[in-house]
Amino acid sequence: MSKVSSKVSSAESPEPTTVSTMTGGQAVVKALIDQGIDTLFGLPGIQNDWLYNALYDARDKIKVIHSRHEQGVAYMALGSYLATGKPSVFNVVPGPGLLNASAALATAYGLGAKVLCLTGQIPLNAIGRDIGLLHELPDQLGILARLSKWSARINHPSEAALRIAQAFAEMDSGRPLPTALEVPLDVLELKAAVNCQAVRVERYQPPLGEELEAAVKALAKAKKPLIFVGSGALNVSREVKELAEMLQAPVVAYRTGLGILDSRHYLSLHQPPAKRYWPEADVVLAIGSNMRVPMQKWFKQHPPKIIRLDVDPLSHLRFNPPAIAITARAEEAMPLLLARLSQENPKRASRRDELLTLKAWWQQEVSVLGPQLSYLQVIREALGEDGIFVDEMTQIGFASRIAMPVYKPRSFITTGYQGTLGYGFPTALGVKLARPDVPVISINGDGGFMFAVAELATAVQHQIPLISLVFNNGQYGNVQQMQRGLYQGRVIATDLVNPDFVKLAESFGLLSLRAESPEALAKALALAQKEQGPSLIEIPIGDVPSVDRFR
């Protein structure tokens with residue numbers, strides 16, 4: 001049963017209902033197009049044949065991007081959403097195909113991504129009978145339910161439009177999360193009468209209550225307010241900047257919140273240096289952020305008044321209950337908060353000098369990460385004002401989260417708390433497909449890159465001009481670093497034998513380069529940015545200082 005409003009309407013069309021006979025596959029494709037989907041990331045197989053037949057017929061309206069592994073299409077769909085904020089769809093065969101894609105679905109869940117998993121299924125009358133059909137999986141729908149916000153089965157072509165509309169409404173209601181639908185192969189093939197009008201299901205929008213007024217009064221009285229931002233604030237960058245300057249409040253970001261306030265602004269802080277400011281804060285406003293580390297660690301030493309603005313009411317209960325809980329979308333609440341606060345807020349002295357001193361101190365602290373920072377500086381310059389950086393579970397990636405300047409929302413793509421090794425390269429392919437207008441650079445370690453190395457073929461086939469960097473140290477570096485430092489040198493299962501990445505990429509038809517210093521990387525990036533297709537740059541790198549000291 002749908003958790004959103006049950007009100008169903010046709011899409012802005014006063015014309016009378018029209019009915020047409022079509023296959024289930026055609027009904028699904030039409031419903032996706034009606035929801036605004038123009039690209040499907042998919043890997044075909046026998047259970048989905050009738051879906052791809054329909055996609056072929058609609059190829060002038062919806063494009064199919066295919067990969068070499070199911071995780072590839074799922075991560076590309078994730079990257080497309082993270083880069084744009086627009087819902088995306090991936091399709092895989094049931095059973096092993098779905099399970100191959102499940103790590104990406106779990107990552108999408110952790111990131112609050114609006115991604116629809118559309119999977120095939122065995123014939124309708126065989127589901128749950130355990131008779132050993134190809135790709136049969138015990139309770140596939142139950143698995144989907146645990147990796148998504150909402151899941152359902154399309155049992156007849158006439159249901160396709162409603163179920164797909166429900167899936168999109170669920171993604172857009174309350175806390176954004178992935179949804180999932182399965183379609184049995186016989187339903188995709190079945191021809192039936194289908195209502196041709198587009199269907200919309202109203203999304204649920206929590207109403208604003210009197211808590212907003214309480215927040216205004218608390219912020220107006222605050223002497224040293226502090227603001228934390230997460231992915232729930234990605235669409236209110238301008239409002240966050242206005243609020244921060246009105247309150248002279250530092251804005252703290254980590255991973256998904258980076259770039260909401262330009263790192264070059266004197267009020268913008270990475271999370272670690274904010275720990276030094278926290279004991280002085282009397283009121284902390286969290287906008288679309290769980291503040292996991294501060295709430296689990298810093299709050300014990302100093303418990304300021306917490307105000308939480310989040311569309312998910314359950315988020316208020318995850319850690320210490322806030323003094324004021326506002327359940328609303330930041331897009332709806334922030335303009336009202338600013339309007340009221342402008343009437344109540346006293347004139348405040350600038351904290352520019354104070355915050356610039358703190359930022360300078362932090363730059364000195366992280367200078368011990370010199371090898372990583374020198375490469376990050378080169379990458380930052382190559383990205384320019386609008387480029388997008390896709391991180392990974394690698395030493396360069398760890399350093400980027402606490403020290404790299406990020407200028408705009410959705411320009412720092414991260415795996416979030418899931419820490420999904422190997423997600424970066426295929427996700428970056430989706431990012432570049434969604435944002436062909438800006439530079440996109442994917443950083444990878446040698447271990448993580450090999451998880452999806454086959455997608456080099458995908459990059460070439462679809463001519464995706466992504467620049468991929470592979471920092472090669474011949475090991476699962478973070479794990480081996482812990483084995484050496486924390487476990488008396490008991491190094492096991494972390495040394496890696498790698499291919500020659502330059503020759504490997506050349507064999508796929510990529511521009512392939514090797515850079516053995518930051519200066520060489522700058523030259524290689526300049527060449528790669530002139531390329532019309534994908535490129536790979538290998539950077540041999542030895543051991544580097546650990547980021548763990550800053551946790």
Side-chain angles (χ1 to χ4, degrees), residues 79 82-84 255 258-259 262-264 268 270 363 366-367 369-415 423-446 448-449 455-456 459-460 463-473 501-502 505-506 510-541 544:
L82 293 175
T84 64
R255 292 193 299 213
L258 290 170
D262 190 324
S263 295
R264 295 168 293 189
S268 178
H270 285 83
Q363 289 177 353
V366 295
S367 64
L369 305 176
Q372 297 100 304
L373 298 183
S374 60
Y375 283 111
L376 286 171
Q377 182 178 353
V378 170
I379 295 167
R380 177 67 271 176
E381 290 173 359
L383 287 170
E385 283 292 311
D386 301 313
I388 299 176
F389 176 91
V390 184
D391 86 338
E392 245 292 359
M393 304 299 291
T394 182
Q395 294 300 323
I396 305 297
F398 299 146
S400 71
R401 299 171 187 178
I402 64 170
M404 181 178 176
V406 183
Y407 301 161
K408 295 184 178 180
R410 301 191 185 280
S411 66
F412 186 93
I413 306 299
T414 173
T415 180
Y423 99 102
F425 173 50
T427 298
L429 291 172
V431 170
K432 185 59 182 177
L433 281 164
R435 292 297 311 275
D437 55 317
V438 300
V440 178
I441 296 178
S442 164
I443 65 157
N444 307 268
D446 50 319
F449 186 73
E455 304 309 340
L456 287 171
V460 172
Q463 278 299 285
I464 306 170
L466 172 70
I467 301 174
S468 300
L469 310 185
V470 180
F471 289 88
N472 182 4
N473 63 359
F501 286 105
V502 172
E506 283 175 347
L510 281 80
L511 170 68
S512 307
L513 304 164
R514 182 174 286 112
E516 299 191 1
S517 68
E519 295 75 20
L521 177 59
K523 294 176 182 177
L525 283 169
L527 290 173
Q529 288 182 316
K530 297 175 183 177
E531 190 74 4
Q532 296 299 308
S535 55
L536 180 144
I537 304 171
E538 179 190 4
I539 302 104
I541 191 170
V544 295

Indicate the atoms forming the closest heavy-atom contact of [X] with [Y], along with that distance.
{"X": "Ala459", "Y": "Leu429", "result": "CB-CD2, 3.8 Å"}
{"X": "Thr414", "Y": "Leu82", "result": "O-CD1, 4.3 Å"}
{"X": "Ile388", "Y": "Arg435", "result": "CD1-CG, 3.9 Å"}
{"X": "Ile467", "Y": "Ala528", "result": "CD1-CB, 3.8 Å"}
{"X": "Ser367", "Y": "Leu373", "result": "CA-CD1, 4.2 Å"}
{"X": "Thr84", "Y": "Ala434", "result": "CG2-CB, 3.7 Å"}

Enter the distance from [X]:[atom1] to [Y]:[atom2] here, rounded to the nearest 0.5 Å.
{"X": "Phe471", "Y": "Asn444", "atom1": "CZ", "atom2": "CG", "value": "9.0 Å"}
{"X": "Ile537", "Y": "Ile443", "atom1": "CD1", "atom2": "CD1", "value": "13.0 Å"}
{"X": "Tyr407", "Y": "Glu385", "atom1": "OH", "atom2": "CD", "value": "6.0 Å"}

Check: [X] side chain, [Y] main-chain N or O, donor-acceptor pair, under 3.5 Å:
{"X": "His270", "Y": "Met404", "answer": "yes"}
{"X": "Asn472", "Y": "Ile539", "answer": "no"}
{"X": "Glu392", "Y": "Gly424", "answer": "yes"}
{"X": "Thr394", "Y": "Gly397", "answer": "no"}
{"X": "Ser442", "Y": "Ser468", "answer": "no"}

Test: side-chain hydrogen bond (donor to acceptor under 3.5 Å, both in side chains). Region: residues 423-433. Which pairs qualify, not counting sequence neighbours? Asp391-Tyr423
Would you indicate whether the side-chain heavy atoms of [Y] and [X] approach each other to under 4.5 Å?
{"X": "Val390", "Y": "Leu466", "answer": "no"}
{"X": "Pro439", "Y": "Gln529", "answer": "yes"}
{"X": "Leu521", "Y": "Ile379", "answer": "yes"}
{"X": "Leu369", "Y": "Val544", "answer": "no"}
{"X": "Ser411", "Y": "Val406", "answer": "yes"}
{"X": "Phe389", "Y": "Arg380", "answer": "no"}
{"X": "Asp262", "Y": "Ser268", "answer": "no"}
{"X": "Ile541", "Y": "Tyr375", "answer": "yes"}

Residues two or more places apart in sequence or in another chain: which of them pass side chain to side chain contact (heavy atoms under 4.5 Å, CB included) with Gln532? none
Tell me every residue that passes salt bridge (Lys or Arg N to Asp or Glu O under 4.0 Å) with Glu538, counting only those two or more places apart in sequence or in another chain. Arg514
Residues Ile441, Leu525; criterion side chain to side chain contact (heavy atoms under 4.5 Å, CB included); working and verdict: CA-CA 9 Å; Ile441 296 178; Leu525 283 169; 4.0 Å; yes
Taking atom CD of Glu506 as the centre, does the number of heavy atoms from other residues, nucleotides or ligands within less than 6.0 Å exceed 12? yes
What's the verdict on side chain to side chain contact (heavy atoms under 4.5 Å, CB included) for Asp437 and Asp386, showing C-alpha distance, side-chain angles and the deciding distance? CA-CA 9 Å; Asp437 55 317; Asp386 301 313; over 6 Å; no
For the pair Phe449 and Phe425, name the ring-plane relationship: parallel under 30°, tilted 30 to 60°, perpendicular over 60°. tilted
